[in-house]
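Hydrogens, waters and symmetry mates are skipped; everything else that's a heavy atom, side chains included, is used. Source: prediction; values computed, not measured. Sequence lines set the chain letters: A, B, ... in the order given, protein chains first and strands last, and positions in each chain run from 1.
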Amino acid sequence: MKLSKALISALIVGITVQAAGCKKDDAANSCPCGMG
Amino acid sequence: MTAIASTIACNLDSDILSAAIPLFEESRVEAIEWAFDSLDFSEVPEWFSDLIDAYSKEGRLIGHGVFFSIFSGRWSIQQQEWLDNLKKLSARFKFDHITEHFGFMTGANFHYGAPLAVPFNSKTLTIGRDRLNRIYDACQCPVGLENLAFSYSIDEVKKHGEFLETLVEPVNGFIILDLHNLYCQMHNFSISFDEIIKLYPVDRVREFHISGGSWENSSLSGKRIRRDTHDDAVPDEVYQLLDSALDHCKNVRYVTMEQLGSGLKTEESRSNFYNDFLKMQQIVRNKTSVPNDAENTFFPPKIVPPGDIIEDENLYIEQQQLSYILENSTSYDDAVSRIKSSVLAKSDWGIESWAPHMLETAISIAQKWKKK
């Protein structure tokens, strides 16, 4: 399925911002089907 | 003729999404499966909501629940909240189907922890059917259940497919056949694909999951136990299962690759994820030309509004005791001793036939996911 270029750009920016925030937050502060 | 959508399990996880970007850019991802109950939707950023929306508008969004705990003996406020949330999300997005895991969660209130098996009997059947009907009532789209990776005994492995079929029948539901879960069962109980696939209602399979996992050594048997940890690349054996299973299951619409973000932090792992998806997609495309003239829509033949909530206090007590023992035993021998003196002894749980290496594994799983 084709996604718009605008959506893919927004995803890349969003992921980058989230990943950067994660590292900072995790430093300061998943799915279990019965065999996890 | 129905095309099969090559799908990724896609959640708000920067590692999963980073690995998926090249696939999105090449327009390879034909559907996404969203674990809709893993986060409060009000916290979801607009860009992720837009991604879900894009697939929803094309009828290519499927939902996968984790925390409902379908077989909990006692109805809980969390289950009602889960349904309310699903109803709200189903009004906002168009799900092509909704699925949940088989089993009950081991956590003390059964909404965290890991899903484990229940006895296949009339009381669990009645509760399971009631819960599936409530899920359908909330989402108004086809509803399915995923086969479990874990079993205590070979007898349970052999009855799982038949019990799943009986469970989903009233809502004309379907099955997600998780092929890595099947691989776990095949390895842990030394059963072949040809034997095990005959025990599943293949016409009710609407989705396959493929994923990786890990090995754990049993200190009791010396045997390697295969676990469904979703933290590694898809093994070749699972691709072979996909190729074979596609020949048996003519109602499949989705093949979904699952991997946890924790296993996608390096460039190498993300490159493997990309290559795994391409390999999966090639297998799927080679098989998609099989026509199916009698496709099941998996909508219920008639709508039966949910009645009084069905509960079973004895089942609840059994689940509580088992969860407590698994989460708190200090050793395998300690767990065996406690189970033998619990209400589980000489009951439908069939503890007398549990394989020691699988009880050992159940303890390991329950303690891994125990709420700290």
Checking A:L11 against chain B: side chain, backbone, both or neither under 4.5 Å from a heavy atom?
both
Whether the B:E207 and B:T256 side chains hold a donor-acceptor pair (N or O, under 3.5 Å, no angle test) is what I'd like checked.
yes
Closest heavy-atom pair and its distance - B:E30, B:S6:
OE1-N, 2.7 Å
Can you name the closest pair of heavy atoms from B:L12 and B:P45 and give their distance?
CD2-CD, 3.5 Å
Part of [X] within contact of chain A (heavy atom distance under 4.5 Å):
X	value
B:D13	backbone
B:S18	both
B:I21	side chain

Heavy-atom pairs under 4.5 Å with chain B - which of A:G14, A:A10, A:S4 has more of them than the others?
A:G14
Quick check: B:Y55 with B:F93 (ring centres under 6.0 Å apart)?
no
Quick one: do B:Y254 and B:E33 satisfy side chain to side chain contact (heavy atoms under 4.5 Å, CB included)? Show the steps, please.
CA-CA 9 Å; B:Y254 298 92; B:E33 180 178 82; over 6 Å; no
Who among B:A35, B:A31, B:A54 has the most heavy-atom pairs with chain A under 4.5 Å?
B:A54
